[in-house]
There are 2 protein chains.
Amino acid sequence: MSNNMKFNTPTTTVLYSIEETVKAYRKLCQQNISKVVPNITVDQALILIVIDRNNMSQSEIADLVFKDYASMTRIVKLMIDKNYLSKALDDHDKRKTKLKITELGKAIIEKLNPMIELNRETALNALTDKELEQLHKILSKITQNCQIPKK
Amino acid sequence: MSNNMKFNTPTTTVLYSIEETVKAYRKLCQQNISKVVPNITVDQALILIVIDRNNMSQSEIADLVFKDYASMTRIVKLMIDKNYLSKALDDHDKRKTKLKITELGKAIIEKLNPMIELNRETALNALTDKELEQLHKILSKITQNCQIPKK
DNA sequence: AATTATTATTTGATATATCAAATAAATGCT
DNA sequence: AGCATTTATTTGATATATCAAATAATAATT
């Protein structure tokens, strides 16, 4: 009821402040990543690392990083062009795509790792474990609330 | 130190879960907004309302909603094409743009308002005032941590 | 007043988001 | 086996994000 006392106008709504944070974090990440690997985007960097750590099909990876399949197709294409990735069909299911990190890709991941760690530490500086837990819990609730039942 | 125990891989970092929430909320908003006003995007809807409530120049509005000026230019252009907005030069400073809501725009805002309220309520369902405060506080900290000093 | 610097906005180029429709391969059904 | 359905990915169209460079108007400086 009075829940929204301070969150009443569009400019003071949750989305507003959450989105502000996301944008600030992405900007920080992009700037720092560019210092160690020019010509790679935050999304590409994340996807590269996720592919490296998970042996999954393209759309499973997409789900993991919350990318639309169409977006994923295009991001992957760009990374193949830059020779970070290569693509092959899954032997057992030729609809599926298997993505492999190239040597160049692996070298880039090595460069990225410490910077990603730094970015996280920078963003979470002075946050307590408790706060992180709270944040996670609250965000989960909101995410849950926003789920649209698919019929 | 052990701060990151559970937040160690890229897929479990803050950005990850914050971005998940943002995307879920945006999706909900878009679906609901489309029900009352087809052919408008979440961003356009937000900007329309913010323009209506604030008598500011284009870039001030952009700052308010965290849009890049270039993006703002294009969003505004689309909304002018759809006759939601009109544009005029500021009399005292001809570099500045004054945006005005058209009659059609005003009618659309009327349709949007209740849905925006509903979206917020849906997203924040079952969240306590305390949680909202915590969320706001934690997000502010992170946003602050991510600020890049501009020289 | 003329020149330079700053500010507001735009444009170009490229990356990503999203929806709908198209493909192609695999599965399920009869 | 043959056909309909589902699944994984792609393509097209449009919107937005971001950076750099361009414009145009104002402000500051010499």
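Letters A, B, ... are given to chains in the order of the sequence lines, protein chains preceding strands, and every chain is numbered from 1.
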**Message:** Mind checking if A:Gln44 touches a base, just sugar-phosphate, or nothing, with heavy atoms under 4.0 Å?
**Reply:** sugar-phosphate
**Asked** Base, sugar-phosphate, or nothing for A:Asp68, non-hydrogen atoms under 4.0 angstrom?
**Response** base
**Prompt:** Hey, does A:Lys23 have a side-chain heavy atom less than 4.5 Å from the side chain of A:Glu19?
**Reply:**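 Contact flag for A:Glu19/A:Lys23 side chains = yes.
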**Non-hydrogen side-chain atoms of B:Gln58 and B:Lys87 separated by less than 4.5 Å** =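 B:Gln58 vs B:Lys87: side chains touch.
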Can a side-chain donor-acceptor contact be found between [Y] and [X] if the only test is distance below 3.5 angstrom?
X	Y	result
A:Ser34	A:Gln31	no
B:Lys82	B:Gln44	yes
B:Tyr25	A:Asn145	no
B:Thr143	A:Thr21	yes

**Request:** Identify which one of B:Leu135, B:Val22, B:Asn125, B:Thr122 satisfies the side chain to side chain contact (heavy atoms under 4.5 Å, CB included) criterion when paired with A:Ile142.
**Result:**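 Of the listed residues B:Leu135, B:Val22, B:Asn125, B:Thr122, the side chain to side chain contact (heavy atoms under 4.5 Å, CB included) partner of A:Ile142 is B:Leu135.
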**Prompt:** If each of A:Lys23 and A:Tyr69 is mapped to the nucleotide of DNA chain D with the nearest heavy atom, which maps nearer the 5' terminus, i.e. the 5' end?
**Reply:**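 Per heavy-atom nearest nucleotide, the more 5' residue is A:Tyr69.
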**Message:** Can you work out whether A:Ser71 or B:Lys67 has the more 5'-proximal nearest nucleotide on DNA chain D?
**Reply:**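 Its nucleotide being nearer the 5' end, the pick is A:Ser71.
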**Message:** For a 4.0 angstrom threshold against heavy atoms of chain A, report the outermost contacting nucleotides of DNA chain C in 5' to 3' order.
**Reply:** C:dA15 to C:dA26
**Request:** Name every residue in residues 83-104 of chain A that has at least one heavy atom under 4.0 Å from any atom of DNA chain C, in order of residue number, or write none if there are no such residues.
**Result:**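 Contacting residues: A:Asp93, A:Lys94, A:Arg95.
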**Message:** Taking A:Glu133 first and then A:Lys130, would you say they form a salt bridge - that is, a charged N and a carboxylate O separated by under 4.0 Å?
**Reply:** no
